[in-house]
Amino acid sequence: MTRLSADQARRVAISAQGLAEPKPRGAVTRSHLRRLINRIQVLQLDSVSVAVRAHYAPVFSRLGPYDRDVLDSAAWSHSARAPRLLVEYWAHEAALMAVEDWPLMRWRMREYTHGRWGKEIVKKNPQLAENILAAVDELGPSTAGQIEAHLEGERARRKGPWWDRSDTKWVAEALWSSGALTTATRSGFARHYDLTEKALPPEVFSREVDDAEAVRELILRAASALGVATEPDLRDYFRLSPKQSKPAVAALVASGELEEVEVDGWSAPAYLASGVTVPRADRGTALLCPFDPLIFFRPRVERLFEFHYRIEIYVPEKQRKFGYYVWPFLLDGRLVGRVDLKAERAGDALNVVGAFTEPGQNPALVAPRLAAELQSMAGWLGLGTVTVGQRGDLVGALRRHV
């Protein structure tokens, strides 16, 4: 059985995520984006925009400053010249994934026939579901509010019990989860629903995939994106269940598409996709947003990098250890620090609220490389400068370089 050192496993993981390669010198194109999605599979969506919305950040981390319109058009527009490349679904959490992979999630759509949450509301309103589908068919891409206004009924306008959502919003979201609706476009961050059969290419919408085959494909995609991973790591990437992932992993090992390996310091067996090579050098420098695919699964982050990471958004401010929206800093293949970032539009600045080095790291060595990444990010976000706050052992050295 192949045995990997901890350093080799870390290098494989970083390489698999496209973080070890040089960033493009010219403008980032749809072709760059397609290759990246084929590599990392998903871009998680999240509503927090304190610095930049989550789905934009992994592309910046791997490809450098790019025109976000490239991603927007790939995800939320379609034309003969520029067909849709991405589609939204519950791929990890809510995420963008390759449009041709949408049929791999049909088993999940059947599980979510009545939505992911608020199922009782949906079950009590079967006619509303029919009315919403008819309204979208008539209106074209529409927000929940536009659908609600079109329906005009008290039943449609009544508020549901959670988060002050209307019944219309709950049912529209359930129809999205079931695959009957999809996201045609977004305005700001508001979803415009459309009938999936209208928004997706016919060959994608009509494709049926056996459930077991779909799960095997998802495990294989996860293995390619992760590089080296335990079965729970593979399972988490597309949020599968153990009863799905374990037989799929066993089948892929039996077919030779996955290779079981040992990693020094890991208590569980790990798996490599067939043909993976082990890089000889440490590479990869990038700021990683909290929802970056490299750091999705926190137990794996600790195994790979000895880096304990938690999102502190919901922690009371005085109890936060590092900050509200903290980006780990990858330097030459190692997680060496973290920064709490906020885009201060009024002040035309990317504000480093706090900056911290990991134990054993030298702030004087980390600061200039981190400063370069922060300045690149500020320019990408259209901000004129980088400012540095007072929290953390790295702020003094960092301030001298920005």
Side-chain angles (χ1 to χ4, degrees), residues 19 23-29 32-33 43-76 185-190 285-292 295 311-315 317-318 320-331 336-357 363-402:
L19 286 159
K23 296 176 174 65
R25 292 189 177 184
V28 171
T29 66
H32 290 111
L33 183 60
L43 296 171
Q44 186 171 339
L45 297 161
D46 190 80
S47 60
V48 176
S49 60
V50 65
V52 63
R53 292 203 187 275
H55 58 287
Y56 293 118
V59 183
F60 167 76
S61 298
R62 290 153 180 82
L63 302 182
Y66 72 101
D67 185 347
R68 279 172 281 171
D69 286 345
V70 174
L71 178 53
D72 289 344
S73 65
W76 297 301
T185 189
R186 282 184 179 268
S187 178
F189 206 62
T285 296
L287 284 161
L288 305 174
C289 87
F291 302 101
D292 191 281
I295 56 175
I311 296 177
E312 298 182 276
I313 290 173
Y314 302 110
V315 175
E317 183 175 1
K318 292 183 179 179
R320 292 176 194 144
K321 185 175 180 180
F322 297 109
Y324 180 79
Y325 200 72
V326 175
W327 300 56
F329 180 44
L330 182 74
L331 176 60
V336 299
R338 55 190 97 197
V339 285
D340 183 16
L341 297 180
K342 184 176 183 180
E344 301 278 8
R345 297 291 175 184
D348 193 28
L350 178 63
N351 184 28
V352 180
V353 182
F356 309 82
T357 53
L365 298 179
V366 173
R369 302 285 297 278
L370 175 57
E373 292 297 315
L374 291 167
Q375 288 163 337
S376 177
M377 177 181 277
W380 173 57
L381 296 177
L383 301 170
T385 190
V386 176
T387 57
V388 181
Q390 301 298 319
R391 296 191 66 242
D393 66 305
L394 185 52
V395 294
L398 184 60
R399 195 175 293 114
R400 290 191 289 272
H401 290 277
V402 299

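Here the side chain of Trp380 pairs a donor or acceptor atom with the backbone of Tyr66 at under 3.5 angstrom. Ser61 places a side-chain N or O within 3.5 Å of a backbone atom of Leu287 that can act as its donor or acceptor partner. A donor-acceptor distance shorter than 3.5 angstrom exists from the side chain of Ser73 to the backbone of Asp69, with no hydrogens or angles considered. Between the side chain of Asp393 and the backbone N or O of Thr357 there is at least one donor-acceptor pair closer than 3.5 Å. The closest donor-acceptor contact from the side chain of Asp46 to the backbone of Ala54 lies at 3.5 Å or more, if one exists at all. Of the possible polar contacts, none joining the Tyr324 side chain to the Tyr314 backbone as a donor-acceptor pair under 3.5 Å is found. Between the side chain of Arg320 and the backbone N or O of Glu312 there is at least one donor-acceptor pair closer than 3.5 Å.
Taking CZ of Arg338 as the start and CG of Leu288 as the end, the distance is 11.5 Å to the nearest 0.5 Å. Asn351 CG to Asp340 CG: the interatomic distance, rounded to the nearest 0.5 Å, is 8.5 Å. Arg369 CZ to Thr285 OG1: the interatomic distance, rounded to the nearest 0.5 Å, is 4.5 Å.
Within a 6.0 Å radius of NZ in Lys342, other residues, nucleotides and ligands contribute 12 heavy atoms or fewer.
Smallest separation of non-hydrogen atoms from Leu398 and Ala355: CD2-CB, 4.1 Å.
Listed by first and then second residue, the ring-ring contact (aromatic ring centres under 6.0 Å, His included) pairs that reach into residues 383-402 come to none, sequence neighbours excluded.
A cation-pi arrangement is found for Arg186 relative to Phe189, the charged atom lying closer than 6.0 Å to the ring centre and inside a 45° cone about the ring normal.
Take Phe322 and apply the ring pair (Phe, Tyr, Trp, His ring centres under 6.0 Å) test, not counting sequence neighbours, and it matches Phe356.
Between Asp292 and Arg62 there is a salt bridge, since a side-chain N of the basic residue sits under 4.0 Å from a carboxylate O of the acidic one.
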